[in-house]
Amino acid sequence: MTLQECYAALGGNYKDVLSRLQMEKLVSKFVLKFLSDGSYDLLCRSLEEKNYEEAFRAAHTIKGVCQNLGFDRLSSSSSALCESLRNGYTPESDALAEQTKADYQITVDAIRAYQEALGG
């Protein structure tokens with residue numbers, strides 16, 4: 001799998017991120033680093049503990065990282081979750097959290113496939 005194919009699989013905008021970072025090697029480096037970011041684990045733990053202030057911060061971090069990396073699908077769902085949690089829990093937060101989790105899984109599956117194609 002190429003980096004462009006990875007972006008297609010995760011619902012991202014490869015051209016946009018490449019225009020900002022200028023080098024595919026740099027894009028690849030940051031895409032692979034996404035796998036070690038702890039924001040998603042923090043989001044899940046915070047939601048489970050009903051710590052909505054911390055969940056908001058985690059969703060906000062995910063949204064920002066995804067915007068910078070051109071991960072449009074996950075950026076969109078985490079942004080919606082972030083806004084629903086901005087002032088605490090709302091009835092729509094559960095559905096938005098589930099969508100964010102599904103989009104996160106799509107994203108990491110694509111990145112792991114890309115990582116495997118690189119040989120590691």
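Everything numeric here is computed off the predicted structure, so don't read it as measured data. No hydrogens, no waters, no symmetry mates; every other heavy atom, side chains included, goes into these values.
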| said: One pair to check against salt bridge (charged side-chain N to carboxylate O under 4.0 Å, His left out): Glu48 and Arg45. What are the steps and the verdict? | reply: CA-CA 5 Å; Glu48 189 175 300; Arg45 191 169 53 254; over 6 Å; no
Give the table of side-chain donor-acceptor pairs shorter than 3.5 Å for residues 112-120, with sequence neighbours excluded, one pair per line with atom names and distance.
residue, atom, partner, partner atom, Å
Tyr114, OH, Ser28, OG, 2.7

| query | Do Phe30 and Val17 pass the side chain to side chain contact (heavy atoms under 4.5 Å, CB included) test, and can you show the C-alpha distance, the side-chain angles, and the key distance before you say yes or no? | reply | CA-CA 11 Å; Phe30 287 113; Val17 73; over 6 Å; no
Within this structure, what is the [atom1]-[atom2] distance for the pair [X] and [Y], rounded to the nearest 0.5 Å?
X: Cys66; Y: Leu74; atom1: SG; atom2: CG; result: 3.5 Å
X: Glu49; Y: Cys44; atom1: CD; atom2: SG; result: 11.5 Å
X: Leu81; Y: Arg86; atom1: CG; atom2: CZ; result: 11.5 Å
X: Asn13; Y: Arg73; atom1: CG; atom2: CZ; result: 13.0 Å
X: Leu85; Y: Glu53; atom1: CG; atom2: CD; result: 11.0 Å
X: Phe56; Y: Asn87; atom1: CZ; atom2: CG; result: 8.5 Å

| query | Under a single-linkage definition using a 4.5 Å side-chain heavy-atom cutoff for Ile, Leu, Val, Met, Phe, Trp and Tyr, are Leu3 and Met1 assigned to the same hydrophobic cluster? | reply |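 In one cluster with Leu3: Met1, yes.
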| query | Are Leu42 and Tyr40 linked, directly or through other ILVMFWY residues, by side chains that come within less than 4.5 angstrom of each other? | reply |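 No; Tyr40 is not reachable from Leu42 via cluster members.
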| Residues forming a side chain to side chain donor-acceptor pair (under 3.5 Å) with Asp109, sequence neighbours excluded |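 Here the qualifying residues are Gln105.
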| message | Applying side chain to side chain donor-acceptor pair (under 3.5 Å) to Thr100 and Ser78, what does each step give before you reach the verdict? | response | CA-CA 6 Å; Thr100 299; Ser78 61; 5.8 Å; no
| field | Side-chain H-bond candidate by donor/acceptor type, Tyr89 with Asp94, under 3.5 Å | value |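 Result is yes, a qualifying pair exists.
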| field | Among Asp16, Leu18, Leu69, the one residue meeting side chain to side chain contact (heavy atoms under 4.5 Å, CB included) with Tyr7 | value |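 Going through the options one by one, the only one that passes is Leu69.
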| message | Between Glu5 (side chain only) and Thr2 (backbone N and O only), is there a donor and an acceptor less than 3.5 Å apart? | response |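 Such a contact is found between Glu5 side chain and Thr2 backbone.
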| request: Dump the intermediate steps for side chain to side chain donor-acceptor pair (under 3.5 Å) on Tyr104 and Gln99, then the final yes or no. | output: CA-CA 8 Å; Tyr104 180 85; Gln99 184 61 56; over 6 Å; no
| message | Go through it in stages, so that I can follow the logic: the residues are Ser93 and Thr90, the test is side chain to side chain donor-acceptor pair (under 3.5 Å), and I'd like the CA-CA distance, side-chain angles, deciding distance and then a yes or no. | response | CA-CA 5 Å; Ser93 296; Thr90 64; 3.0 Å; yes
